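See below for the structure under consideration.
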Amino acid sequence: MTPFVPVSLIGLVLLSLSSAQTFTPAEEDLTNRNGDFAARLFRAVSSRTDDNVFLSTFTLSNGLLALLSATGGSTRDQLLQGLSLTGLDPETLPDLFQSLRTVVQEGSPAMTLRQGVAVFPPQDFQMLTPYMDLVQTKFGGYAQSLPYTTPQEATDNINRWAREQTGDQVQDLVTNLDPNTKMLLATTAFYQARFAPFFNASLTQEERFFVDKYHVVMVPMMFRADKYFLAYDRLLKAGVLKLPMAGGAAMLVVLPDEDVDIAAVEDEVTGEKIQAWIRQLKRTKLEVQLPRFLLERSYSLRDVLKTLDITQVFQDDADFSNMGASEGLKLTQVYHKSAVTVDESSDNITPGSVFTTLPPRLTINRPFIFIIYQQTSGGVLSMGRVIDPSKK
């Protein structure tokens, strides 16, 4: 196996920001808190599976904040704490998050990004018009009552909505619904990562990827020689590679050393750690080999969110008074399904840099973590783990 190359100091929503773009202190604070929640959620999900992981954490934050706007009293207070938002005025959050979401939307033309959030109470529940308008205008979301007593009809409605939001890229967000469902939160996203500069498609070739000591798969390995930004976390024994993306975002590829269990690195991933990696990045010449992959992951997040101390929204005494007459209304489940495609994203042959001497080569040929983030603010947009790039 090719070891990590420690040159100098050696995670797809994408967005467009001009160099003059600035954030207010309140927006920066919300961005940092979202990063903390993203890391906590990623750790909670990844600890429950040995498979590939992918979460559109920004989309999930969007949906959960839309839900928070429906709550009151102790339900709202606990949800604020679970989302790492304690101390913030919940009345200002819709406007703050709308400004962040607008930046994401502005960058969407630079890549393929489709996402959606929806709140689905039961058919006999009368939602307040101001809440429905808030979900649409501030969170770009959707609110509709569904006939859960007719499960197939409700399932068809949710899945039709998910297909519409993602351009048919996400299918079957939900399968079997319980006729006793009280309310659902649904979030979905599709990303087509576009690196800038592109990998050269003509240089992609089949290479070995070491899933573990006993399992090797052959995968299409992309290639490019260029100047990249790298860091190395000596405490965790993991290298960090930055891959710039079209529209002002970037992907961090976190590669543990050969003798390091990826779970040990995941346990230490926090919003603060991600920011530290970004600050440590240094530019250097490098040949990079990265596997082409497509991840499509679906999650029911109720139990995961409960481990993050988000519990009261699921209980009979939940307060959804800002949504309507909430007696007996509670959240039954949070569904999230997202997909990301990482490939050359271009038919053009774009030559890499030519160096007088061959630079070191970094081959990402064992399990790694990836983080897509906004370069200007460092805000986390999505997180994932690739254990086997030959599988979705």
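Just so it is clear, the values below take in all heavy atoms, side chains as well, and ignore hydrogens, waters and symmetry mates. Quick caveat, the model's predicted, so the values are computed rather than measured.
When all heavy atoms of Arg101 and Thr137 are compared, the pair lying nearest together is NH2-O, 3.3 Å. The two residues Tyr228 and Phe199 come nearest to each other via the heavy atoms OH-CE2, 4.5 Å. Smallest separation of non-hydrogen atoms from Ala238 and Val254: CB-CG1, 4.2 Å. The two residues Arg40 and Gly82 make their nearest non-hydrogen contact at NH1-O, 2.9 Å. Smallest separation of non-hydrogen atoms from Ala118 and Leu185: O-CD1, 3.4 Å. The nearest pair of heavy atoms linking Asp303 to Arg48 is O-NH2, 3.6 Å.
Linking Ile, Leu, Val, Met, Phe, Trp and Tyr whenever their side-chain heavy atoms come within less than 4.5 Å puts Ile274 and Val386 in one cluster. Val117 and Phe190 are not part of a single hydrophobic cluster, where members link through side-chain heavy atoms under 4.5 Å apart. Residues Val217 and Ile364 fall within the same hydrophobic cluster, defined by Ile, Leu, Val, Met, Phe, Trp and Tyr side chains chained together at heavy-atom separations under 4.5 Å. Each of Val174 and Leu305 belongs to its own hydrophobic cluster when Ile, Leu, Val, Met, Phe, Trp and Tyr are linked at side-chain heavy-atom distances under 4.5 angstrom. If you chain together hydrophobic residues whose side chains sit under 4.5 Å apart, Phe314 and Val119 fall into the same group.
The OH atom of Tyr299 lies 7.0 Å from the OG1 atom of Thr49; values are rounded to the nearest 0.5 Å. Rounding to the nearest 0.5 Å gives a distance of 10.5 Å between CG of Asp133 and CE of Met127. Rounding to the nearest 0.5 Å gives a distance of 11.5 Å between CE of Met251 and OH of Tyr373. Here the straight-line distance linking atom CD of Gln169 with atom CD of Gln192 works out to 8.5 Å at 0.5 Å rounding. The CD atom of Gln289 lies 6.0 Å from the CE atom of Met221; values are rounded to the nearest 0.5 Å. A distance of 9.0 Å separates CG of Asn180 from OG1 of Thr332, quoted to the nearest 0.5 Å.
With a 4.5 Å cut-off on side-chain heavy atoms, Ser338 and Thr59 do not count as touching. Put simply, the side chain of Phe37 does not reach to within 4.5 Å of the side chain of Leu85, judged on heavy atoms. Leu362 places a side-chain heavy atom less than 4.5 Å from the side chain of Leu230. Looking only at side-chain heavy atoms (C-beta outward), Thr155 and Thr175 stay at 4.5 Å or farther from each other. Arg366 is not listed as a side-chain neighbour of Ile262, based on a closest heavy-atom distance of 4.5 Å or more.
Remark: the Thr363 side chain and the Glu207 side chain contain no N/O donor-acceptor pair separated by less than 3.5 Å. Side chain to side chain, Ser47 and Glu266 fail the donor-acceptor criterion of an N or O pair below 3.5 Å. No side-chain N or O of Tyr335 forms a donor-acceptor pair with one of Gln333 less than 3.5 Å apart. Defined by atom type and a distance below 3.5 Å, a donor-acceptor pair is missing between the side-chain atoms of Asp77 and Gln81. Of the N and O atoms on the side chains of Asp343 and Thr341, not one donor lies less than 3.5 Å from an acceptor on the other residue. Checking Gln115 against Ser56 by side-chain atom types alone, no donor-acceptor pair falls below 3.5 Å.
Ion pair Lys138/Glu91 not flagged as a salt bridge, since none of the NZ, NE, NH1 or NH2 atoms sits closer than 4.0 Å to an Asp/Glu carboxylate oxygen. Remark: Arg43 does not engage Asp267 in a salt bridge, criterion side-chain N to carboxylate O under 4.0 Å. Ion pairing of Lys273 with Asp233 is present here, as a side-chain N (NZ or NE/NH1/NH2) and a carboxylate O approach within less than 4.0 Å. Ion pairing of Asp316 with Lys330 is present here, as a side-chain N (NZ or NE/NH1/NH2) and a carboxylate O approach within less than 4.0 Å.
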task: Determine, step by step, whether Thr311 and Gln78 satisfy the side-chain hydrogen bond (donor to acceptor under 3.5 Å, both in side chains) criterion, reporting the C-alpha distance in whole Å, the side-chain angles of both residues, the deciding distance to 0.1 Å, and the verdict.
output: CA-CA 8 Å; Thr311 60; Gln78 191 202 57; 2.8 Å; yes
query: Where do Ile278 and Gln275 land on the side chain to side chain contact (heavy atoms under 4.5 Å, CB included) test, with the steps shown first?
result: CA-CA 5 Å; Ile278 294 172; Gln275 296 305 315; 4.3 Å; yes
field: Pair Leu41-Leu308, side chain to side chain contact (heavy atoms under 4.5 Å, CB included): steps then yes or no
entry: CA-CA 8 Å; Leu41 183 66; Leu308 302 180; 4.0 Å; yes
message: Checking Glu153 against Asn157 for the side-chain hydrogen bond (donor to acceptor under 3.5 Å, both in side chains) test, could you report, in this order, the C-alpha distance in whole Å, the side-chain angles of both residues, the deciding distance, and whether it holds?
response: CA-CA 6 Å; Glu153 182 180 350; Asn157 284 333; 4.5 Å; no
- prompt: Can you check side chain to side chain contact (heavy atoms under 4.5 Å, CB included) on Glu296 and Lys337, steps first, answer last?
  reply: CA-CA 7 Å; Glu296 183 179 274; Lys337 188 169 186 177; 3.9 Å; yes
query: Would Glu27 and Ser99 satisfy side-chain hydrogen bond (donor to acceptor under 3.5 Å, both in side chains), going step by step from the backbone distance to the final call?
result: CA-CA 8 Å; Glu27 290 169 340; Ser99 65; 2.9 Å; yes
- request: Could you check Leu295 against Lys392 for side chain to side chain contact (heavy atoms under 4.5 Å, CB included), going step by step and ending with a plain yes or no?
  value: CA-CA 4 Å; Leu295 299 187; Lys392 287 186 176 184; 5.8 Å; no
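The number of heavy atoms from other shown groups lying within 6.0 Å of CD (Glu206) is above 12. By the neighbour-count criterion of 12 heavy atoms within 6.0 Å, atom NZ of Lys242 is densely surrounded, having more than that number from other residues, nucleotides or ligands.
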Which atom pairs, donor and acceptor, lie under 3.5 Å between side-chain atoms of residues 60-72 and protein residues at least two apart or in another chain?
from, atom 1, to, atom 2, distance (Å)
Ser61, OG, Thr57, O, 3.2
Asn62, ND2, Phe139, O, 3.0
Ser69, OG, Leu65, O, 3.2
Thr71, OG1, Leu68, O, 2.6

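Without hydrogens or angle criteria, Arg292 side chain to Glu344 main chain gives no donor-acceptor distance under 3.5 Å. In terms of modelled atom types and a separation under 3.5 Å, the side chain of Arg33 and the main chain of Thr86 share a donor-acceptor contact. At least one donor-acceptor pair closer than 3.5 Å links the side chain of Asn52 to the backbone N or O of Asp388. Side chain of Asp212 to main chain of His215: a donor-acceptor pair is present (N/O by atom type, distance under 3.5 Å, no hydrogens or angles). Judged by distance alone, the side chain of Gln123 and the main-chain N or O of Leu146 form no donor-acceptor pair under 3.5 Å.
The distance between the ring centers of Phe58 and Phe97 falls below 6.0 angstrom.
Between Phe368 and Phe209, the ring planes are perpendicular. Angles over 60° get that label, and only those under 30° would be called parallel.
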